[in-house]
Amino acid sequence: MFVLTIDQAGSRSSEDRVPELLDLLHPIPTVLPWERSVGDEAQGVVASAADVVEAAMLCLRAGGWYVGIGIGEVERPFPASPREGRGSAFVAARKAVDRAKKTGDRAPLAVEGPDGRADGAGEAEGVLALLGRHVMGRSEAEWRILDLLQPGERGTQTAVARTLGISPQAVSKAAARAAWHEEHAVRPAAARLLTWANDGVTDGTIA
C-alpha cells in the first residue's frame, strides 16, 4: 500500500493552498480519500503504483509541494479517514516528506519503505526525481501543447497543431524539448519499481 503525505512549501509566508491541492488530486483513485491531515499538509492512501506516479507528477507540476511516498502496511480495518490510519506506510510517508524538504535543487520528492523490507524504494525515488525534473522545467507554452497530446496515439501531433493553429513541427519540437515522450515511456518503469517495493512488504495485512 502507498501513503502520500504532501506538505506545502513556504506555508508561513503564503496562502493556504491545500484546497487547491485536494481539487488537483481528486481524480486520483484512493483507498482512503485525499484529506488535509494537519496544517498545510494533505494525505491519501493509494493502491495503484501508476496512480502514485500520476499524483506525484501533478504535485511537482503545480509546484510548491514536498511529496513523501511511504510504502508499507496499512492496518485493517481501514478507517474512514487517513488521519486515523495506522501502519508502517504512514510512518514511511512521514519520513519521506521530511526528507523531501532537504533535496536541495532536486525535485522535492522522496520514497521510503519499511526498514530493510522494501527493495526498490530508492530506485523508484531516483526515477521519479528524474521525471520530476523534466515536469518542473516545462514552460506554460509547452504545457499548452503537451496537455493536448495523447501518449501512443498516432496523428495526435497533427491534431494538436490544427487545434492550436501552429505547425506539426512546432508541436514535435515542443514535445522533444520537454522530454514528453520519454516521460511517458518511463512512467511504467517507475510504477514497476514502486510495485516491486510494495511486493517486498510481506505482511498479509496490506493490499
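For the 3.5 Å distance criterion, the side chains of Q150 and T156 fail to qualify, holding no donor opposite an acceptor. Checked by atom type, the side-chain pair E73/S88 shows no donor-acceptor distance below 3.5 Å.
Contact annotation: the side chain of L109 never approaches that of Y66 to less than 4.5 Å [non-hydrogen atoms, C-beta and beyond]. Counting heavy atoms from C-beta on, the side chains of M57 and R187 come closer than 4.5 Å. Annotation: side chain of V171 is in contact with side chain of I166 (closest heavy-atom distance under 4.5 Å). Looking at heavy atoms from C-beta onward, Q43 lies out of side-chain contact with R36 at the 4.5 angstrom threshold. Looking at F78 and V31, their side chains come closer than 4.5 Å, going by heavy atoms from C-beta outward. With contacts defined as side-chain heavy-atom distances shorter than 4.5 Å, the pair W180/I145 does not qualify. At least one side-chain heavy atom of E125 sits less than 4.5 Å from a side-chain heavy atom of R99. With contacts defined as side-chain heavy-atom distances shorter than 4.5 Å, the pair V45/F90 qualifies.
Nearest approach of P168 to Q157, heavy atoms of both residues: O-OE1, 4.3 Å.
At distances below 3.5 Å, not a single donor-acceptor pair connects side-chain atoms of E41 with backbone N or O atoms of V38. Without hydrogens or angle criteria, D51 side chain to I28 main chain gives no donor-acceptor distance under 3.5 Å. Judged by distance alone, with hydrogens and angles left aside, the side-chain atoms of R138 form a donor-acceptor pair with the main-chain N or O of A178 at under 3.5 Å.
Under the 4.5 Å side-chain heavy-atom criterion for grouping Ile, Leu, Val, Met, Phe, Trp and Tyr, V111 is not connected to V97 through any hydrophobic cluster.
Between atom CD of residue Q8 and atom CD of residue E15 there is a gap of 8.0 Å, rounded to the nearest 0.5 Å.
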